[in-house]
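Read the structure below first, then the notes.
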Amino acid sequence: MHIDVNSAYLSWESVYRLQHGSTLDLREIPSVVGGDPVSRHGIVLAKSIPAKKYKIKTGESIFSALQKCPSLVIVPPRYDLYLQCSNSLIQLLEEYSPAIQRYSVDECFLDYTNMECHFGSPLSAAHAIKERIKTELGFTVNIGISSNKLLAKMASDFEKPDKIHTLYPHEIGEKMWPLPVEDLFMVGRATAPKLRRLGIYTIGELAKANPKFLYQHLKSHGILVWNFANGIENSSVTKEKSAPVKGIGNSTTISFDVTDRRTAHLILLSLVETVAMRLRNEECCAKLISIYIKTNDFRHYSHQRKIETATDCTNHIFKYACKLFDEAWKGEPIRHLGVRVSELCSNQFAQLSLFDASDTQKQKAVDKSIDALRLRYGSRVVFRASFLHSRLKPITGGVMEEDYPIMSSIL
DNA sequence: TCTGGGGTCCTAGGACCC
DNA sequence: TCTGGGGTCCTAGGACCC
């Protein structure tokens with residue numbers, strides 16, 4: 001089964017408001033969850049079904065959404081709330097199977113294999129699950145049922161909201177093949193036009209195409225989407241622990257254009273604070289550091305380097321990030337900056353360098369103390385003096401629990 | 001006051017090795 | 001008298017997902 005929360009961010013915000021005395025259900029009016037255009041975060045993250053009727057699309061600017069519907073209600077995102085709602089959902093689903101895979105904050109897979117003896121047929125179990133989520137948690141989901149994850153996911157994307165669909169292999173021809181090719185998982189805005197240029201408009205036409213022909217034009221991705229169009233996919237429902245994290249990144253659009261190195265470095269520091277904290281929380285060190293620059297005309301480039309000794313120290317990662325930035329930046333006004341670490345390894349053992357007059361032990365001790373303080377008293381309890389009077393946030397990213405009251409009762 | 005942020009995977013091309 | 005072929009590793013960039 002693939003379980004997909006309908007308009008997740010918007011539903012969750014709406015449920016929260018109803019539980020806290022609001023009489024207005026955001027799901028019943030044209031509304032969106034969106035960022036603040038003043039700080040240049042103005043895009044639609046989720047929309048209500050009435051908003052969808054105005055042809056408002058996820059990812060479009062708030063500016064253009066307001067042109068389509070001037071009375072649109074816009075609410076800010078609250079990621080800590082979404083995480084709590086997501087956790088409540090997982091907790092409920094775990095009553096029905098030990099094998100749950102969280103695909104994202106609002107989607108997961110549930111392996112129902114060998115569970116019929118406990119909860120009946122997949123269809124009746126799905127109905128029970130869907131109704132319990134609605135009555136106990138207050139939001140609706142779509143559930144897709146099939147014999148593999150790809151087909152279950154395709155099925156949950158059929159008619160919404162609050163619906164259950166099956167897409168077993170014998171139903172592919174009837175339910176999936178008539179759909180436009182861009183509805184297929186992994187056919188995005190670059191692949192769809194390529195396929196159409198090849199005369200392939202529906203998933204069925206893709207399924208019947210010659211895979212060698214697809215390989216010639218789309219390389220391995222052509223084979224992947226041909227398999228998907230034929231319902232061929234055999235990955236297992238894996239618990240989160242068996243899928244270790246490959247990299248950790250943090251990036252931000254700055255509310256003004258950055259034109260000087262010093263400010264850019266400060267923003268990199270505020271990003272690295274979060275990246276390094278999360279890296280240590282995963283008990284990992286990183287061997288590859290990269291930075292990403294988006295200029296005010298929306299062009300972007302990146303620069304990365306593999307480092308000699310894997311590290312998890314805030315100051316070390318910051319130092320590399322600044323060096324990479326200085327090497328890469330061509331001087332254009334900067335809209336957005338990002339830092340990412342990857343090629344992770346365990347932090348339990350470290351290769352020491354003969355030549356590095358290393359302060360690593362001291363850095364680790366400082367990081368450990370600061371992490372403990374922030375965990376206990378909140379992330380803004382200690383911050384760098386270089387941010388004083390800078391009007392920049394000393395820490396960027398992460399879910400700041402203390403900004404919001406803990407969600408009550410039902411969830 | 002137009003256009004976010006978190007990921008994973010793949011490919012091309014160059015450096016370098018034998 | 002003229003430049004092969006096999007491999008690995010690294011970096012940049014782009015595709016896809018939510």
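Side-chain atoms are counted along with the backbone in the values below, which use heavy atoms only and exclude waters and symmetry mates. Since we're looking at a predicted model, the values are computed, not measured. Each chain gets a letter, A, B and so on, in the order its sequence line appears, and its residues count up from 1.
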Exercise for the section: With DNA chain B as reference, determine whether A:Val38 or A:Thr58 sits nearer its 5' end, using the nearest nucleotide of each. Expected result: A:Val38
Handout entry: Student check: side-chain heavy atoms of A:Gln363 and A:Thr311 closer than 4.5 Å
Key = no
Exercise for the section: May I ask you to decide if the ring planes of A:His20 and A:Tyr16 are parallel, tilted or perpendicular, using 30° and 60° as cut-offs? Expected result: parallel
Problem - Any A:Arg299 side-chain nitrogen or oxygen under 4.0 Å from OP1 or OP2 of B:dT3 - result: no
Handout entry: Aromatic plane relationship, A:Phe318 with A:His265 - under 30° parallel, 30 to 60° tilted, over 60° perpendicular
Key = perpendicular
Problem - Aromatic A:Tyr96 / basic A:Arg132 pairing, under 6.0 angstrom, 45° off normal - result: no
Exercise for the section: Examine the side chains of A:Glu327 and A:His303 and answer whether a donor and an acceptor come within less than 3.5 Å of each other. Expected result: yes
Completion exercise
Side-chain atoms of A:Ser220 come closest, of C:dT11, B:dC10, C:dC18, to B:dC10
Handout entry: Side-chain N or O of A:Thr253 closer than 4.0 Å to phosphate OP1/OP2 of B:dG5
Key = yes
Practice task
For the side chain of A:Lys246, starting at C-beta, report the closest nucleotide among C:dC18, C:dC16, B:dT8.
Solution key: B:dT8
Exercise for the section: Taking atom types as modelled, find out whether A:Asn148 and A:Asn234 have a side-chain donor-acceptor pair closer than 3.5 angstrom. Expected result: no
Handout entry: Crowding at NZ, A:Lys368 (>12 non-hydrogen neighbours, <6.0 Å)
Key = no
Exercise for the section: On DNA chain B, check which nucleotide each of A:Phe298 and A:Tyr215 is closest to and give me the residue with the more 5' one. Expected result: A:Phe298
Handout entry: Proximity to the side chain of A:Glu107 - top-ranked nucleotide from C:dC16, B:dT3, C:dC18
Key = C:dC18
Problem - Interatomic distance, A:Ile307 CD1 vs C:dC10 P [rounded to whole Å] - result: 13 Å
Problem - Of the listed nucleotides C:dC17, B:dT1, B:dG4, the one nearest the side chain of A:His41 - result: B:dG4
Problem - Touch class at under 4.0 angstrom, heavy-atom based, for A:Gly188 against every strand present - result: sugar-phosphate
Practice task
Under 4.0 Å between any heavy atoms, over every strand shown, what does A:Lys194 touch: base, sugar-phosphate, or nothing? Just pick one.
Solution key: nothing
Problem - Touch class at under 4.0 angstrom, heavy-atom based, for A:Gly338 against every strand present - result: nothing
Problem - A:His217 ring center within less than 6.0 Å of A:Phe213 ring center - result: yes
Problem - Candidates C:dC10, C:dC17, B:dG5 - which lies nearest the side chain of A:Tyr103 - result: C:dC17
Handout entry: Whole-Å distance separating the CD1 atom of A:Ile248 from the P atom of B:dG5
Key = 18 Å
Exercise for the section: Check the side chains of A:Asn6 and A:Thr140 for a donor-acceptor pair under 3.5 angstrom, ignoring hydrogens and angles. Expected result: yes
Exercise for the section: Indicate, with a heavy-atom threshold strictly under 4.0 Å, whether A:Val105 touches base, sugar-phosphate, or nothing. Expected result: nothing
Exercise for the section: Run the ring-centre check on A:His336 versus A:Phe298 and record whether the distance is less than 6.0 Å. Expected result: no
Exercise for the section: Establish, yes or no, whether the cationic atom of A:Lys149 lies under 6.0 Å from the six-membered ring centre of A:Tyr103 and within 45° of the ring axis. Expected result: no
Exercise for the section: Using a cut-off of 6.0 Å, state whether more than 12 heavy atoms not belonging to A:Gln91 lie near its atom CD. Expected result: no
Handout entry: A:Ile291 side chain reached by A:Trp329 side chain, heavy atoms, under 4.5 Å
Key = no
Exercise for the section: Assign A:Asp36 to base, sugar-phosphate, or nothing according to its heavy-atom contacts below 4.0 angstrom with the strands shown. Expected result: nothing
Problem - Nearest to side-chain heavy atoms of A:Met186, which nucleotide of C:dC16, B:dG5, C:dT11 - result: C:dC16
Practice task
Using a cut-off of strictly less than 4.0 Å, decide whether A:Asn250 has a side-chain nitrogen or oxygen near OP1 or OP2 of B:dG5.
Solution key: no
Problem - Strand-adjacent residues in residues 326-336 of chain A, judged by heavy atoms under 4.0 Å from DNA chain B - result: A:Arg335, A:His336
Practice task
Give a yes/no answer on whether the side chain of A:Ser39 brings an N or O atom under 4.0 Å of OP1 or OP2 in B:dT1.
Solution key: no
Problem - Pairing string, 5' to 3', for DNA chain B - Watson-Crick or wobble contacts under 3.5 Å, brackets [ ] where pairs cross, | to another strand - result: ....||||||||||||||
Practice task
Could you tell me whether the phosphate oxygens of B:dG6, OP1 or OP2, come under 4.0 Å of any side-chain nitrogen or oxygen in A:Ser251?
Solution key: yes
Pairs under 3.5 angstrom, nitrogen or oxygen only, protein versus nucleotides 12-15 of chain B, please.
| residue | atom | partner | partner atom | Å |
| --- | --- | --- | --- | --- |
| B:dA12 | OP1 | A:Lys219 | NZ | 2.9 |

Exercise for the section: Give A:Thr252 one of three labels, base, sugar-phosphate or nothing, depending on what nucleic acid heavy atoms sit under 4.0 Å from its own. Expected result: sugar-phosphate
